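Some notes on the structure that comes next.
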Amino acid sequence: MPARQDSALRKLVDLDKGLVAREIYVNEDIFRQELEQVFARAWLFVGHESQIPNPGDFVVSRMGTEEVLLVRDRKGNIHVFLNSCRHRGMKVCRYDDGNTLVFTCPFHGWSYDTDGRLVGVPYFKAAYKDRLDKTQFGLLEVAQMTNYYGSIWATWDPKAPSFEAYLGPYADAVRRCFEATDGTDAGVELFQPVYKWRIPTNWKFPAVSFDGDRAHAAMTHRSINVAAIGPQGDRNGGSRHVIQAEWSQTNYEMSTPELGHGGHNSIFDQPGVPPYEDTWLTEPGVDEYYRATREKRRQKYQDTYILGGEKLLVWPNTNVQAGLLSRILIWHPHSVGVTESWRAYQVDRDAPKPVKDAQRHYMMRYGGPCGLTESDDMENWNYAHAASSGTIAQRIPYNFQMGLDSSFRDERAPGMTLNYDIAEENQRSRLKRWLDFMEADSWDDLYPYAEPDGKGAASKNRERGSRP
Amino acid sequence: MTMELPQQVRALERLLLREDIEQFLYQEAALLDERRFHEWIDLIADDIHYHMPIRRNVKFGELDHENTDAESEMSWFDEGKRTLLGRVRQIMTGVHWCEEPFSRVRHIVSNVQVVGVRDDEVDVKSNFFVWQNRLQEEVNVFVGRREDILRRDEETGWKIRKRLILLDQNVLLAKVITTFF
């Protein structure tokens with residue numbers, strides 16, 4: 001078992017050569033260390049405020065391998081608790097969602113208020129003789145929680161930097177993922193419920209590659225266009241791709257190797273947002289709505305240079321995507337060879353029902369375990385993992401050499417490393433951050449990070465005027 | 001026990017109807033198991049609603065909230081014939097990797113109940129047990145209940161106008177669902 005702070009893990013991840021040992025995807029000891037080193041420290045996506053609009057509302061969520069409760073207490077404050085009774089560890093809630101005054105453990109009856117306080121203990125006077133200090137045995141609450149423009153994120157580590165600092169140069173892009181299509185901050189809601197399904201693969205197969213593996217699409221998704229499931233129907237050969245307006249831009253892989261975030265983004269050669277191009281050719285009325293909201297968004301950003309195409313991984317396991325497929329993809333580790341994939345779909349909160357219906361139906365037929373496009377991803381992740389696990393298979397490394405040594409910086413995307421649109425730059429960035437987390441003793445070694453060009457990302461962002 | 005003649009006729013009619021419907025459902029299952037997807041899609045009415053809701057864990061007394069609502073919530077499947085036909089076309093490309101090579105799929109249909117009869121339509125409930133074995137050792141088992149509306153059809157006997165599929169799972173334990181129910 002590779003110990004922390006020695007060179008064993010570093011030998012497995014040779015990013016200069018682009019060679020990565022399969023062991024880090026299939027070894028159970030490394031998986032157990034990840035739960036401690038990565039998932040007990042990093043900021044993780046928990047849910048969205050639209051899931052718990054009223055006092056007493058709760059929804060079951062998950063951080064790493066463990067179940068948490070996302071709760072709005074009776075005063076309206078949001079909390080995230082471990083779903084485990086402080087007495088014998090039983091789940092205090094076994095419903096997927098609901099509204100409650102208290103969480104009562106079905107084992108011995110300890111009960112907790114929606115703010116986590118232990119409020120009821122059977123036999124408190126008769127058997128504990130009033131000597132149980134209830135204030136010390138409330139539900140375990142996360143160390144830090146933030147409501148980032150409607151999205152709820154949390155970490156178990158009190159030393160983690162603020163979520164906005166954790167995002168670094170991606171703070172604006174993530175914020176825009178939770179904008180309505182007219183540019184209104186925190187303007188989306190989640191369709192209920194969240195998709196949850198098990199994929200027999202290591203969590204890093206999807207998390208390291210999603211929004212960082214354009215090269216897979218042509219081969220993996222060869223069968224999809226004949227199905228013609230896109231909003232364009234049979235036109236354009238049934239292409240699943242979005243019709244794009246003419247707009248001067250260059251598409252890149254972009255990431256922060258210092259922080260691990262990144263995705264597919266575009267640099268526009270002018271301030272503002274591209275005009276709307278009709279997309280929903282088979283759904284009457286939908287284009288009218290999105291054209292109108294796009295015009296509002298274009299006005300909001302008309303003088304601002306922003307990155308195009310908000311699609312990125314927030315390290316370690318959450319992809320946030322805006323646009324036609326507006327969604328949040330969470331790759332929960334389950335065991336070394338099983339990932340519990342969660343998928344939440346977003347839509348403009350104030351959109352009319354026909355728009356919400358069109359969006360919802362497209363998302364159902366596109367993605368997830370029953371969607372036509374992504375089912376072939378699951379097959380590849382499944383059997384790539386299976387065929388990497390053998391003794392002989394582990395003697396040879398994975399090849400992450402696409403675009404090696406061809407990355408560059410661009411002052412229009414401060415703090416980011418760029419590469420050609422089809423590269424494995426983002427995957428190398430994520431594995432670099434993975435190694436940082438696996439080796440670090442604490443957040444002291446993980447943040448603040450050193451900017452290679454010695455300039456702060458946030459201050460440069462402001463120079464570009466991309467923050468209000 | 002003896003029955004009046006009209007009673008006997010009605011009982012016999014019910015029996016024949018159920019026999020007819022059972023044979024239809026078995027034939028439909030056989031088409032799927034034999035990968036005759038284009039023949040299967042011919043049994044689907046043009047206006048079908050094919051719906052597999054997600055099943056929640058809900059509190060006693062809140063069972064009306066158990067299955068997701070096709071009107072506003074996410075489901076595993078919530079579609080019409082156009083998308084079903086797209087699925088058939090995709091499987092028949094030979095490059096749909098999660099069904100290439102084909103899985104071995106077997107549909108066991110049972111507990112058939114005819115619960116409503118109208119002029120040209122019947123309401124039918126049935127249970128299913130679907131076995132999928134893929135490549136060497138991958139096994140997925142799907143068990144649940146279907147609530148169908150079948151419409152009489154001159155050509156095929158019946159067409160499926162509505163199918164509600166209640167899969168007995170919460171977190172979906174299969175990586176994908178590529179079969180039909």
Side-chain angles (χ1 to χ4, degrees), chain A residues 60 93-100 190-201 219-229 233-234 238 282 334 338-345 353 356-357 360-361 363-365 368-383 386, chain B residues 50-62 65-80 82-101 103 134-138 140 165 167 169-180:
Chain A
V60 161
C93 177
R94 291 165 303 136
Y95 308 121
D96 292 354
D97 54 35
N99 183 284
T100 193
L190 299 192
F191 286 118
Q192 292 303 311
V194 171
Y195 272 177
K196 303 174 184 178
W197 79 103
R198 300 262 171 93
I199 314 172
T201 194
M219 189 65 198
T220 295
H221 301 303
R222 269 179 78 186
S223 68
I224 185 58
N225 284 359
V226 297
I229 55 153
D234 296 328
T282 61
H334 191 76
V338 178
T339 300
E340 191 164 300
S341 178
W342 285 26
R343 186 74 56 85
Y345 291 97
K353 182 164 166 45
K356 286 186 180 177
D357 286 348
R360 185 167 56 94
H361 284 110
M363 289 165 175
M364 283 188 276
R365 65 183 185 264
C370 306
L372 285 86
T373 305
E374 292 177 336
S375 51
D376 289 329
D377 288 315
M378 316 301 168
E379 178 81 357
N380 287 332
W381 295 333
N382 182 168
Y383 288 102
Chain B
Y50 185 85
H51 182 213
M52 182 193 282
I54 295 172
R55 315 282 305 278
R56 292 187 180 91
N57 296 304
V58 294
K59 201 172 179 176
F60 182 83
E62 296 178 1
H65 181 60
E66 183 180 21
N67 304 329
T68 52
D69 175 8
E71 269 301 300
S72 61
E73 295 185 309
M74 300 299 291
S75 296
W76 294 126
F77 294 91
D78 178 2
E79 61 198 45
R82 190 172 161 268
T83 303
L84 287 171
L85 189 58
R87 294 180 187 278
V88 168
R89 283 202 301 261
Q90 185 181 30
I91 289 175
M92 299 310 282
T93 58
V95 290
H96 182 29
W97 308 121
C98 59
E99 270 304 321
E100 173 56 31
S103 302
R134 167 146 200 76
L135 300 185
Q136 291 83 19
E137 58 187 348
E138 181 179 343
N140 294 299
I165 305 151
L167 178 68
Q169 296 188 23
N170 172 251
V171 173
L172 183 65
L173 299 174
K175 70 183 185 214
V176 296
I177 300 182
T178 51
T179 188
F180 302 97

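Just so it is clear, the values below take in all heavy atoms, side chains as well, and ignore hydrogens, waters and symmetry mates. Labels below follow one simple rule: chain letters A, B, ... track the order of the sequence lines, proteins then strands, and each chain is numbered from 1. This one's a predicted model, so the numbers in the text were calculated from it and none came from an experiment.
For the pair A/Pro369 and B/Trp76, the tightest heavy-atom approach, listed with the atom from each and the gap, is CG-CZ3, 3.4 Å. A pairwise comparison of heavy atoms in A/Met219 and B/Trp97 identifies O-NE1, 3.0 Å as the closest pair.
Options B/Ser75, B/Gly94, B/Ala174 differ in how many heavy-atom pairs under 4.5 Å they form with chain A, and the most are formed by B/Ser75. Ranking B/Asp78, B/Thr93, B/Leu85 against chain A, the residue ahead of the rest is B/Asp78, based on heavy-atom pairs under 4.5 Å. Counting heavy-atom pairs closer than 4.5 Å to chain A, the top residue among B/Thr68, B/Thr83, B/Leu135 is B/Leu135. For the options B/Gln169, B/Met52, B/Glu138, heavy-atom pairs under 4.5 Å to chain A are most numerous at B/Glu138.
Partners of B/Cys98 by side-chain contact (heavy atoms from CB on, under 4.5 Å), not counting sequence neighbours, listed by chain and number: A/Ser375, A/Asp376, A/Glu379, B/His96, B/Val176, B/Thr178. In this view, A/Arg365 satisfies the salt bridge (charged side-chain N to carboxylate O under 4.0 Å, His left out) rule with no residue, not counting sequence neighbours.
Proximity to chain A (any heavy atom under 4.5 Å) is shown, for B/Glu71, by both the backbone and the side chain. Residue contact with chain B, scored on non-hydrogen atoms closer than 4.5 Å, involves the backbone and the side chain of A/Arg222 alike. In this structure, chain A has heavy atoms under 4.5 Å from both the backbone and the side chain of B/Ile177. With a threshold of 4.5 angstrom between heavy atoms, B/Ile91 does not approach chain A through any atom at all. Neither the backbone nor the side chain of A/Glu374 comes within contact range of chain B; no heavy atoms are under 4.5 Å apart.
Side-chain N or O atoms of B/Lys175 include none that pairs as donor or acceptor with a backbone N or O of A/Thr201 at under 3.5 Å. Between the side chain of A/Arg198 and the backbone N or O of B/Leu173 there is no donor-acceptor pair closer than 3.5 Å. Formation of a donor-acceptor pair under 3.5 Å by the B/Arg56 side chain with backbone atoms of A/Asp96 is not found in this model. At distances below 3.5 Å, not a single donor-acceptor pair connects side-chain atoms of A/Tyr195 with backbone N or O atoms of B/Val171. In this structure, the side chain of A/Arg360 does not engage the main chain of B/Met74 through any donor-acceptor pair within 3.5 Å. Judged by distance alone, with hydrogens and angles left aside, the side-chain atoms of B/Arg82 form a donor-acceptor pair with the main-chain N or O of A/Ala228 at under 3.5 Å.
One finds the OG atom of B/Ser72 at 9.5 Å from the CD atom of A/Gln192 (value rounded to the nearest 0.5 Å). For the atom pair CD of B/Glu79 and CG of A/Leu372, the computed distance is 7.5 Å after rounding to the nearest 0.5 Å. Rounding to the nearest 0.5 Å places OG1 of A/Thr100 at 5.0 Å from NZ of B/Lys59.
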>> Evaluate A/Lys196 against B/Ile54 for side-chain contact (heavy atoms from CB on, under 4.5 Å), listing each step before the verdict.
In response: CA-CA 10 Å; A/Lys196 303 174 184 178; B/Ile54 295 172; over 6 Å; no
